[in-house]
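Right, one structure below, let's go through it.
Bear in mind the structure is a predicted one, so any value in this text is a computation, not a measurement. We use all heavy atoms of the structure for the numbers below, so side chains are in, but hydrogens, waters and symmetry mates are not.
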Amino acid sequence: MVEPENTRLGKMLLDEITPVVMVLRTPLVEESCRKNGLSFIEMLSPFCNFNNIDVPVRTASDHPYRLRKFKLRLFYASEIRQMNSEVAKDRLKQVVTHAGDRDISELCSDPPAIETIVATSELEIVPSWFQTFNKQLVDAVSFSEHESFDHPVACLVAVSSKDQEHIDKLVDLFDTNQLPSLLNDGAMDPKILKYFLLVHDNQDDILEKSTGILTEMRSTFGAHDCRMLCINSSVDGSEEHHENPWASYRNNALHKKQFGCFINVDDIEELKTTMQDLSSKHIIPHMELKIRVLNQQVSATRKGFRNQIKNLWWRKGKEDVPDNPNGTMYTFSSIESQIRVLGDYAFMLQDYELALSNYKLISTDYKLDKAWKRYAGVQEMMGLAYFMLDQSRKDAEYCMENAFSTYLKIGSGGVRNAVRCGLWWAEMLKARDQYKDAADVFFRISVEEPLHSAVMVEQASYCYLLSTPIMLRKYGFHLVLSGDLYKKCDQIKHAIRTYRGALVVFKGTAWGHIRDHVHFHIGKWSAFLGMYDEAIKHMLEVLACGHQSRAFQELFLKDFLRIIQETGKTFEVLRLQLPVINFALTKVVFEDHRTYASSAAASVRESLWRSLEEDMVPSLSVIKSNWLEIQSKVLPKKYKESNVCVAGEAIRVDVGFRNPLQIPISISNVSLVCEHSTESDETVSNASSSLINYQNDTELRTVSVSGDFSLDTPFFTLSEVGTSIQGGTSILVQLTVTPKTEGTLKVVGVRWKLSGSVVGIHNFNADVTRKKVARGNRKLKQSIKNKLEFLVIQSIPRLEGVIKNLPRTVYAGDLRRLTLELKNPSTVSVKNLKMRVSHPRFINIADQEAMDLEFPNCLKKHANSSESYNHVDCAKAPNSVFVFPETTSISADTPLVWPLWFRAAAGGSVSLCITIYYEMEDKTAVITYRTLRMYYNLEVLPSLEMSFKISPCPSRLQEFLVRMDVINKTSSESFRIHQLSCVGDQWELTLLHTVDSVFPLEYLIAGQALSCFFKLKKCQTRVTTEDNLSSLVTSARADVRLGDSDSRLFDTSISPLILFHHHERLLQEKLQQEHQSTIDFILMSESQNESESGQPRSSEILSHHTCHCRIASTSPIRWLMDGPRTLRHDFSTAFCEINLRITVYNSSEDHLSVRINTVDSTPTVIPVSSAASVSGNEEGWHDLSHLSDIKLTSDLMRSKVGKALSFESVSSFVWSGSSSTRFKIEPLSSAEVPLQVCVFSPGTFDLSNYSLHWNVLASGEGGDDEAGSRVTSSGTCQGHSYHITVLQKD
Amino acid sequence: MIVCVAVVGHQNNPLYIQSFTEADDALKLHHIVHCSLDVVDERVNNPKRSGPTLNETYLGVLYPTENYKVYGYLTNTKVKLIMVTTDLDVRDADVRNFYRGFHAAYVNAVSNPFHVPGKKITSKTFAEKVSTIVKSFG
């Protein structure tokens, strides 16, 4: 613990509560002093401060003690009165303003980090002018009548040696009329110690004359009380002082003249001795004496039990005295005043115990008298006495608080006293490291006007900073509060200073609301003071405030733009937060040997293109060797890795901007920032004039005029975009740079202009390095860096291609002819054109001749159906590369036009990629070949959907019934079904009904479904599977006309249809199981909707392909019993033997083993219903002619037979021959088995009591192992009913 | 009346702060909540805390300002729940009760698998729940 005297408060008290000396002087004294640039008091003051006076003092007690520090306060008589509150206020304001002006330079520097602040000591943090300010506040309440320590103890009367009639002058000076009111109105004893001083000016007078005057004075006023003071001994006024005692006055004086220039060392010595003499020989003894006298008086009247009782009694009697806060009733002679004087004198002589006892004595009296101001004053002194004694902290604090609240209770008169009391109290707490409590006290002081509050709150904030544990948040909060108060008093510099202090706390925290507020206000106020750089720096911090409300965002943006406007300049900001760059480089598109027909093509994945170009492009190893051979001289090694682009062709960079605000912002002049260096000089010199080296971290740059940045330089051209971003949305801006000359081009960053006033720059590289730090991924960095550096090579031809009249949306099955148009704008020709399509199902490359044909009539069958097209080279295999004929070359003015067949094969969104390869004629070019990539996306709507069901005909092996279900899936379109074709020349297709009965309407309207039946017949019994696959040739018989009869049928065997069919077949083959005995159908239809113009459009052809249709059957075998149906026989001679044949057809692809079992016993296993189902009408199809013939007999017979069987145990016929026959059938072939039945009596018989068992024979040797699989693939089929009628031959 | 409630993470970052006043005093309330963290720190780091108060989550009145009283509550994950009220005489039991509900709501909110710990609480359900608790208070 520091000694109380050495604390700040202790020093302050030793400074402030000291004897006051009233100074009276003649004008000539003042004049002599003025020569030195000082007033009389100023000249004397430095010598009134005694650090080691070493005077023995004996007060009330008998033990003397030595006084070390002592000080006299000198005041002119005119100053000894209470300061006017207005004047005091002005002075305070001056102090604050002065302090504010002084440290404006610091406002621009960066505030220190929070750690350093915490580490620094109190002296460094707390601005020094606070002490000046506090002293002013304390001084403002001095010379109050209730505090006797401000009452003058002595009077110094000075005359000059130049004065005439010295004695009279001295007497006149002490004229009561001019004396302070304190002496006159009885508040203090007018009998005061007087000390007479003769000031001798060595320059003007001779010493002898002065000595005479002094003698005269001594005789008049007494020898001890007079003294002569010689000054201005130096002749030339060039006296230099090593430690100028008056240095502290420099601030007040305006003139340059050095203080005390006429005072030499002797004079200073004399000044010292004079003041020492005054204090030690006169003032201190005088005070000692007075203390002793008063102490005796007090002891006599107040001490002791008797006196106390008396006093109490007497006080009680005065209870009806009204409240008198000023307490004028106490004159200097009253016992209360005397006790107070006693206490104060003891305090000033540092006998704190005596002082305390007297204060205690009197405080109750004042309290009982309700003299509140005096009571508070005494309490205050008690607190200070306790502090100086360093005992009972609690009491000290209690007294201070009591005093403080009492002063406040008085009202306006006590406020200033309260402030002083509070300051002392706070200092007391600070001295004891109770900073938190001190802060509370400072906060409580701040009751009066805003300026005082501001300073007090700021002091409170520093207390929070110094408290343990450190209370940073309160520090920040109070700084903000005080900043607001400063702002109210127009002390903007102070406001900025405090806010900047607070910013340290809030920087880097998540408390965005507060941080924005602080930044915004610093920015605003800085702009107000004209510190625009600072203002903009802070405003930038708050711009991207997505968390703020809309109103705030608008305010921030508006103010920011206003500040920018006020500066009248265009700023370039390296890290402008508005708008936010989403992902710096979303995509970079440049064209080396790859060129893109559209931007959509560029966005397709590179791997897709690569796989497409795999076969066309010379393989990598080949090109590398070629490239090295040719180009190794031209290209330095370091460019090998970098990207290559061609002069005159744009590099596109997609930059994503996001607006974090809720309000729309407009950005204009968005462009790339690029560097171009020519190849000739190896050192990368920034050849471009528009280049700025952003590597040095200049955050803010001023551009005088915006014209500094030009878009068109001799090396490259930049594109410029302007747009507005709605609140909370993101946009993607496509920026391009087009290099003009060879060299190296580097995309450095992007720049934009916000609201037409601020230019923001985003450096891609900075982004990359930051990313690198974050991820530590070096590889990534490398790739991005490379992404932005381009080697520009000389211009080479670039083909432009477009597919004309490709629709955006089509119906599935739509078949069209498109034209591909290729242009070569450059003069250099290209050769070796190749082309490849990603979806050959959709696009097929036609022959050149197809261009001239009339579509769609060219698809129709010609009258003399020439077979020339029949064998279309299907060698033009799927996914193969189409090589344009050598003769086709493209020059600048004649574009190459080539036909393409298009068919919308499948529904949904389809992406078509087409790539065209070409080589340069010019062999010297860096790039020898290029590819043109075209990309189209189209929507394919569902149109007709069809399904087929094929069931075998029970009566004929080679005939099938085909049911076609067609449904129109569109919402509005109607189609006309034109024809159905089946592919393969072994088939014959006929419609079961007439055309009219199937199609009552001409069109199949939207949503309509349709079923119709066809008979399918195999005209050749045996067709090898090889034939079926390889020759996709249809004969005319396989087409069925479904529409109107007058139009010709389409020839499904010519070029586009057969090609598309081939692709469909391949695709559907994959989907389905491999099965060879299948059939493909092609449905041709036309859509004939009305176009917008009302005219009927040329009909659109649609083709639908359904491949690999199979017979809907579970059993792999089909059989047919063949034999006579009716015969006559003479049963009298013998039983009738009938020979029958069963033809079994194996429709599977496996070898089958079939066993025919005949059963002679009653066929109870066959339920009647099953027989009925065979002959009934439920099955889907019947041979109509056959059915009508047999119907009558069948119905009759069945019931008869059924009945007969039920109770006749012996059937009337038996199977003869072997009851079980086993044979093997090759796949897709048939076998004939003879059967014989013996009939014993005439009648009609149902020969269905046989069954066929089939087994799949394992084709290989592996079949023996897998017994299980063999078991599963077997089955039993019951025989079909076969009715035979045998009649008795007559 | 409760004017403001706040959830502050263990690194003193605001997770949720909501004022319930008509006036535009969000900044002031932010400041008050921010300052109260100093007091929470002081209370928590006070070595004199022992015995029954050691595991007590309810911190009581943090500090009275001119018009407000600030209450604090510290969860065992060092998340601070701050409440600012204009009622100058509130029963302690009421405040404890309030905090019980508030804490439960917070726990529910952070139990959401889509909540990222240490990030702001954006759950609407939480906001609704808190405002119900606030309305039912006093």
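- When the shell of 6.0 Å around NZ of A:K409 is examined, it contains more than 12 heavy atoms from other residues, nucleotides or ligands.
- Using a 4.5 Å cut-off between heavy atoms, A:Y464 makes no contact with chain B at all.
- B:D38 approaches A:K474 most closely through the heavy-atom pair OD2-N, 2.7 Å.
- Note that NZ of B:K28 is 9.0 Å distant from CZ of A:F477, once rounded to the nearest 0.5 Å.
- From A:R473, atom CZ reaches atom SG of B:C35 across 9.0 Å, with rounding to the nearest 0.5 Å.
- Counted within 6.0 Å of CZ on A:F528, heavy atoms from surrounding residues, nucleotides or ligands total 12 or fewer; the atom is thus considered open.
- In this structure, A:M471 and B:D41 have side chains that are not in contact, with every pair of non-hydrogen atoms separated by 4.5 Å or more.
- With hydrogens and angles ignored, the 3.5 Å screen pairs a side-chain donor or acceptor of A:W511 with a backbone N or O of B:N12.
- Between B:L37 atom CG and A:L472 atom CG the span is 11.5 Å, to the nearest 0.5 Å.
- For the pair B:E42/A:K436, a side-chain contact is recorded, criterion being any heavy-atom separation below 4.5 Å from C-beta on.
- Remark: B:H31 NE2 to A:H513 NE2 distance equals 9.5 Å, nearest 0.5 Å.
- Around CZ of B:F20, the count of heavy atoms belonging to other residues, nucleotides or ligands within 6.0 Å exceeds 12.
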